[in-house]
Amino acid sequence: MQHLTIKQILKQAPVGDTLTVHGWVRTFRNEQFIALTDGSTRTHLQVVVDREATPPETLRLIHPGAAITATGKLVESLGRGQDVEIQADTITILGPSDPETYPIQPKRHTLEFLRKNGHLRFRTQTFGAVFRIRHHLALAIHRFFDERGFFYLHTPIITASDAEGAGEMFTVTALDLNQLPKDEQGRVNFKEDFFGKHTHLTVSGQLEAELGALALSKVYTFGPTFRAENSNTTRHLAEFWMIEPEMAFADLNDDMNLAEDMLKYLIRYVKDKAADDLEFLAQRQANEEKNLPQNERSIPLLEKLDNTLTEPFARITYTEAFDLLRNSKPNKKGRFKFPVSEWGIDLQSEHERYLVEKKFKKPVIVTDYPKDIKAFYMRLNDDSKTVAAMDILVPGVGELVGGSQREERYDLLVRRMEEMHIPVEEMQWYLDTRRFGTCPHAGFGLGFERLVQFVTGMANIRDVIPFPRFPGNAAF
RNA sequence: GCCUCAUUAGCUCAGUUGGUUAGAGCGGCGGACUGUUAAUCCGUAGGUCCAAGGUUCAAGUCCUUGAUGAGGCGCCA
């Protein structure tokens, strides 16, 4: 059956037409006015109930959360607060919702409460807005890369490569866990497992993406990624989605430009597609933070996004960042928990926050990190101390992007792998790209949920993914 | 994994130096009103004070252990 969504009705406003609408009751005021939502847009459609014509047993079932169908004429609203409304001739209750037990009330709930009722939180305005924006961002990512000649490459989710060094991994096995086959040393014998070897859920598609890039020139991955780290923060998930472009014939500068262009493109796209949802989330964030002291509040959401859009990102080397931090007021006054004194230290959250939120007040790209705190595949700079790496730090989220120019020189790569105890013999498939037709190439990884956090202003990463997985939690 | 804080009605919270019958607002239910905008007004029901143990004449309040949650840190995207 064809029908208009509420978004279409509000946009087209075919006043005078008789329409049938489906949706869920948000509120029922005055036993007469239904605020109806179908999730297509943030705005409700007001359905005016004909109290004479509607049977009392129907009226009794109109409660928040109930699914209904309403048929009637669309008219210009007689009340203030909306332009049009439906004068319903008939209301059909498709699915009632017991108001005594339905958890979602027409009032403010905490995100914590909604997380506990995660199966129903989609019904709220906040999560509706977040997941509509999540959709727009995902689509925009594909459009961005497609417009630039990148191919979408599906890298494996089950992987035998355990040398990516990106964190603890989840084992994938079909073995009977109660009767594990053992080898001579008494260790689990994965030769008897489904794949004949020990396999895991992927922690990154980068190494496989490099294989694609060294043939198709420009590729990207966009898929789920898994880390078995016991991370309990507002920025980590055990299952998250990652975007990893990889470009042949590109250096670190090309890499940074791509990432910056992409973030700007995505924000522009969402502003265009979901301005009302952004407005709502901006208001939400302001309300949440209105009781905080001024210096603890976030940059207002829309202002933050506009800054990102119009300002060029700050670009500084690790060494410059280090000097800046070492000479900063909080460092001299001993305010940092991790004092900045020796070149080579990793930047801590508090340092990144200082750079982004106090010093530059916009996204910052930090490049050329000491090689000892970065991964084996990053290209060694001429100083032999730093690598061609870049991290993009953004307000509120911290590290949004991590990327690098890859080490394309076979000998240097092997030396780095040996230094970092990467099993060279198991990585021949990767090293072959450097043996046959190697070339400069670069790429980055962008955490999709962190991007959604950045764009929506949601504080906890668990609130920007439909079904969050984190230590101790795998509901649904 | 570490640190800090929290857990009281369906939800959001208050509950004083330990003191006798644990409160409010919202929500629910009943009623009134009928062009409302998280409607409003009147009435009403609703509690294993997270759990177990302890201290005390007396514990929501103090102590111990545990569970769960939140925030921070580390690991990173």
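Chain identifiers are assigned alphabetically (A, B, ...) following the order of the sequence lines, protein sequences preceding nucleic acid strands; residue numbering begins at 1 within each chain.
Looking at residues two or more places apart in sequence or on another chain, you find a side-chain contact (heavy atoms from CB on, under 4.5 Å) between S231(A) and E229(A), H236(A). Shown here are the side-chain contact (heavy atoms from CB on, under 4.5 Å) partners of L201(A), two or more places apart in sequence or in another chain: I157(A), F170(A), V172(A), F226(A). Listed by chain and residue number, N331(A) satisfy the side-chain contact (heavy atoms from CB on, under 4.5 Å) test with P339(A) (two or more places apart in sequence, or in another chain). In this structure, the side-chain contact (heavy atoms from CB on, under 4.5 Å) partners of E289(A), at least two apart in sequence or on a different chain, are Q285(A), L292(A), R297(A), S298(A). Not counting sequence neighbours, the partners of Y152(A) by the ring pair (Phe, Tyr, Trp, His ring centres under 6.0 Å) test are H142(A), H154(A), Y220(A).
Contact of E31(A) with U36(B) (side chain to base): no donor-acceptor pair of N or O atoms is detected under 3.5 Å. Taking only distance into account, the side chain of E85(A) meets the base of G35(B) through a donor-acceptor pair shorter than 3.5 Å.
Among C76(B), C29(B), G69(B), the nucleotide with an atom closest to any side-chain atom of E399(A) is C76(B). Among G72(B), A77(B), G74(B), the nucleotide with an atom closest to any side-chain atom of T233(A) is G74(B). Side-chain proximity of R235(A) to U36(B), G35(B), G74(B): nearest is G74(B). Here the nucleotide nearest the side chain of K337(A), chosen from C73(B), G71(B), A77(B), is C73(B).
A side-chain N or O of S204(A) and one of E244(A) form a donor-acceptor pair less than 3.5 Å apart.
Residue R29(A) has a polar side-chain atom (N or O) positioned under 4.0 Å from OP1 or OP2 of A39(B). Look at N230(A) and you won't find any side-chain N or O under 4.0 angstrom from OP1 or OP2 of C75(B). OP1 or OP2 of C73(B) has at least one side-chain nitrogen or oxygen of R353(A) nearer than 4.0 Å.
Distance, Q46(A) CD to A38(B) C1': 14 Å, rounded to whole Å. Atom CD in E52(A) sits about 13 Å away from atom P in G35(B), given to the nearest Å. H236(A) places its NE2 atom 9 Å from the C1' atom of G74(B), with the value rounded to the nearest Å. The distance from atom CG of D50(A) to atom P of U34(B) is 16 Å, rounded to the nearest whole Å. The CD1-P distance, from I34(A) to G35(B), rounds to 17 Å in whole Å. Here the P atom of nucleotide A38(B) and the CD atom of Q82(A) are 11 Å apart, to the nearest Å. Atom pair Q32(A):CD and A32(B):P shows a separation of 16 Å (rounding to whole Å applied). As rounded to whole Å, 14 Å separates atom C1' of C75(B) from atom CZ of F170(A).
Residue pairs meeting the side chain to side chain donor-acceptor pair (under 3.5 Å) criterion with at least one partner in residues 48-61 of chain A, sequence neighbours excluded, are absent. Under the salt bridge (charged side-chain N to carboxylate O under 4.0 Å, His left out) criterion, the residue pairs touching residues 387-403 of chain A are K374(A)-D391(A), with sequence neighbours excluded. Residue pairs satisfying the salt bridge (charged side-chain N to carboxylate O under 4.0 Å, His left out) criterion with at least one member in residues 275-285 of chain A, sequence neighbours excluded, are listed as follows: R132(A)-D277(A), R284(A)-E288(A). Within the structure, side chain to side chain donor-acceptor pair (under 3.5 Å) pairs that include any residue of residues 451-473 of chain A comprise R115(A)-D463(A), R121(A)-D463(A) (at least two apart or interchain).
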* Asked: With Watson-Crick and G-U wobble geometry limited to distances under 3.5 Å, how should the secondary structure of RNA chain B be encoded in dot-bracket form, using | for bases paired to another strand and [ ] for crossing pairs?
  -> (((((((..((((.....[...)))).(((((.......))))).....(((((..]....))))))))))))....
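Looking at heavy-atom distances under 4.0 Å, N232(A) makes contact with a base. Across all strands shown, Q87(A) has heavy atoms under 4.0 Å from base atoms, whether or not it also approaches the sugar-phosphate. Within the 4.0 angstrom heavy-atom criterion, only backbone atoms of the sugar-phosphate kind lie near V401(A); the bases stay farther away. Looking at heavy-atom distances under 4.0 Å, L237(A) makes contact with a base. Across all strands, Q348(A) comes closer than 4.0 Å only to sugar-phosphate atoms, never to a base (heavy-atom distances). Contact annotation for E244(A): no contact, since no heavy-atom pair falls under 4.0 Å across all strands. R26(A) comes within 4.0 angstrom of nothing in the nucleic acid, heavy atoms only.
Along RNA chain B, the nucleotide nearest E449(A) and the nucleotide nearest R462(A) are compared for position; the residue whose nucleotide lies closer to the 5' end is R462(A). The residue among N30(A) and S231(A) whose nearest nucleotide of RNA chain B lies closer to the 5′ end is N30(A).
Within residues 251-270 of chain A, no residue has a heavy atom under 4.0 Å from RNA chain B.
Interatomic distance, OG1 of T308(A) versus CG of L263(A), reported as 8.0 Å (0.5 Å rounding).
Between S97(A) and W24(A), the closest side-chain pair of non-hydrogen atoms is not below 4.5 Å.
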* To do: Output, in order, the C-alpha distance, side-chain angles, deciding distance and verdict of side chain to side chain donor-acceptor pair (under 3.5 Å) for R235(A) and T233(A).
  => CA-CA 5 Å; R235(A) 311 180 298 286; T233(A) 78; 4.7 Å; no
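Residue F448(A) and nucleotide A77(B) are not classified as a stacked aromatic pair, given the requirement of ring centres less than 5.5 Å apart at an interplanar angle below 30°.
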Taking N or O atoms only and anything under 3.5 Å, show me the protein contacts with nucleotides 3-13 of chain B, one pair per line.
unit_1, atom_1, unit_2, atom_2, d
C11(B), O2', K107(A), NZ, 3.3
C11(B), O2, K107(A), NZ, 2.6
U12(B), OP1, T110(A), OG1, 2.9

